[in-house]
Amino acid sequence: MKPRSDSDRLADWDRAYLWHPYTQMQEWERESPVIIARGNGPYLLDTCGRKYLDGVSSLWVNVHGHRHPTLDRAIRKQLTNIAHSTMLGLSNPPAIRLARELIRLAPPGLTRVFYSDDGSTAVEVALKMAVQYWQQRAPDAGPKRTFVHFQLAYHGDTVGTMSVGGIELFQQRFRPLLFPTIAADPPYCFRCPLGLSYPSCAMACLEPVERILKRRCREIAGLIIEPLVQAAAGMLTAPPGYLKRIRELCTRYRVLLIADEVATGFGRTGRMFACAHEGVTPDLMAISKGLTGGYLPLAATLTTEEIYQAFLGDYGEWKTFFHGHSYTGNPLGCAVALANLEVFRTERTLTRLRARIAALSRLLRPLSRLAHVGDVRQRGYMVGIELVKDRVTREPYPLTDRAGHRVAMEARRRGLLIRPLGNVVVLMPPLITTIKDLGCMVATVRDSIRIVTAS
Ligand SMILES: *Cc1c(COP(=O)(O)O)cnc(C)c1O
């Protein structure tokens with residue numbers, strides 16, 4: 001009998017001991033898992049030695065590629081000092097330096113950094129800060145404790161962030177746990193809730209948002225938005241100017257604007273933060289995914305001096321923000337995040353990205369002619385290709401057909417790792433991905449879509 005390889009043994013143990021996120025384990029147990037052992041630049045290598053392009057930046061986190069020498073070195077160097085100490089009652093050099101750098105890069109007016117561990121917690125922190133802010137700053141403004149969010153929005157998987165989320169499939173089982181919020185229709189132009197088309201609509205979808213804010217501003221603490229791209233909804237790209245108008249409405253009706261830049265931050269849209277495209281400063285901003293270049297879990301909530309000041313007072317006034325996590329401000333994470341920002345400077349990542357983003361647009365253009373592609377959406381290095389059963393009526397494939405999943409499996413056989421969002425095929429390459437590799441990715445996606453949708 002052939003001896004079982006190391007890879008086979010690992011696969012057995014995976015199926016025996018693990019429970020994977022967002023995964024039907026009954027199906028998983030029947031398949032052989034791809035086990036990623038190594039990475040380099042935009043490539044991933046599995047335990048069998050097969051090489052793949054990392055088409056979704058290891059779930060939207062990787063920025064400068066895998067095994068980047070500057071990032072690798074930063075972690076090793078920090079290890080010679082200390083791996084972790086707490087931020088509760090103490091501080092540490094990488095956390096301090098990183099906060100200063102983040103404030104330099106953030107939209108002007110954001111002056112304070114509160115660390116946490118992942119995108120969900122960064123958003124939770126923003127929600128809790130908003131509610132406590134209104135209690136302490138303007139108790140007369142009303143019982144401002146609810147939030148406006150968009151349908152199909154995704155802000156994380158904790159109970160608080162699910163409450164401001166709008167993806168029915170993820171929420172349905174937990175509905176009884178969620179707190180009440182107010183949902184508004186997003187600017188999903190391909191399936192416009194008002195049945196209009198851009199630009200002749202003049203962004204009429206803003207009117208219902210304004211009506212909500214006008215009518216209920218005394219109850220609303222904040223409006224939360226994924227600026228420019230509603231990512232998990234299927235890379236829904238907002239029309240230019242939409243975010244700026246939302247900022248104006250929030251200011252007019254005294255509602256805090258919470259920008260969830262967890263997916264869009266760190267160059268993904270072509271600027272360091274999506275808010276920069278429209279000169280918008282939110283009142284609270286959540287960042288995570290790309291913060292450490294995709295190396296370690298770390299997150300932060302940035303806010304203004306106005307909000308920060310509202311939490312100051314004598315100890316016994318109980319204005320303290322009672323929130324914090326064990327690994328908050330982790331020195332290793334902060335050290336690699338600093339190196340991530342350094343690489344943006346030394347490699348002029350954002351400048352070099354411009355030509356590549358334009359090239360990606362050109363590469364994507366022919367895809368919209370495919371028989372079952374309804375819409376191709378792109379903002380920077382964020383791409384969503386929406387598959388439809390019928391191009392004329394825009395009828396979607398039933399979710400149980402798993403069209404996106406089948407395209408991803410086909411792409412995997414051809415050396416590209418991607419993960420779809422329902423019927424939307426997603427490409428979100430690391431920012432170092434060259435035009436040549438973008439070409440490979442798009443060609444593989446095109447072939448995979450053709451094969452899957454022909455059957
Ligand atoms: C991924 C994501 C989150 C959640 O981040 P986690 O690190 O997975 O908790 C929140 N908001 C947006 C926009 C995201 O894309």
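When a ligand or atom number is given, it counts from 1 through the structure's own listing order. What you see below is based on every heavy atom in this structure, not just the backbone, and it leaves out hydrogens, waters and symmetry mates.
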**OP:** Quick one: look at Asp118 and ligand 1, take heavy-atom pairs under 4.0 Å, and tell me if it's side chain, backbone, both or neither.
**Re:** both
Original post:
Rounded to the nearest 0.5 Å, how far apart are CZ of Arg100 and CG of Leu98?
Top reply: 12.0 Å
**OP:** Could you check atom 12 (C) of ligand 1 against the protein and tell me its nearest heavy-atom contact, residue, atom and distance included?
**Re:** Asp260 OD2, 3.3 Å
**OP:** May I ask you to check whether Lys289 has an N/O atom sitting below 3.5 Å from an N/O atom of ligand 1?
**Re:** yes
**OP:** Report yes if some N/O of Gly119 lies less than 3.5 Å from some N/O of ligand 1; otherwise report no.
**Re:** yes
Subject >> Part of Glu226 with heavy atoms under 4.0 Å of ligand 1, whether side chain, backbone, both or neither >> reply: side chain
Subject >> Geometric class of the Tyr22/Phe170 ring pair [parallel <30°, tilted 30-60°, perpendicular >60°] >> reply: perpendicular
**OP:** Compute the ring centroids of Tyr115 and His325, then answer whether they are less than 6.0 Å apart.
**Re:** no
Subject >> For Arg175, salt bridge (charged side-chain N to carboxylate O under 4.0 Å, His left out) partners two or more places apart >> reply: Glu168
Original post:
Should the ring pair His372 and Tyr397 be called parallel, tilted or perpendicular, given that the plane angle runs from 0 to 90° and is split at 30 and 60?
Top reply: tilted
**OP:** Answer side chain, backbone, both or neither: which part of Ser120 comes under 4.0 Å from ligand 1, heavy atoms only.
**Re:** both
Original post:
Relative to each other, are the rings of Tyr327 and His84 parallel, tilted or perpendicular (30° and 60° limits)?
Top reply: tilted
**OP:** Specify side chain, backbone, both or neither for Trp60, according to which of its non-hydrogen atoms lie closer than 4.0 Å to ligand 1.
**Re:** side chain
Original post:
Which of the atoms in ligand 1, numbered in the order shown and given with their element, are less than 4.0 Å from a heavy-atom of Ala263?
Top reply: 15 (O)
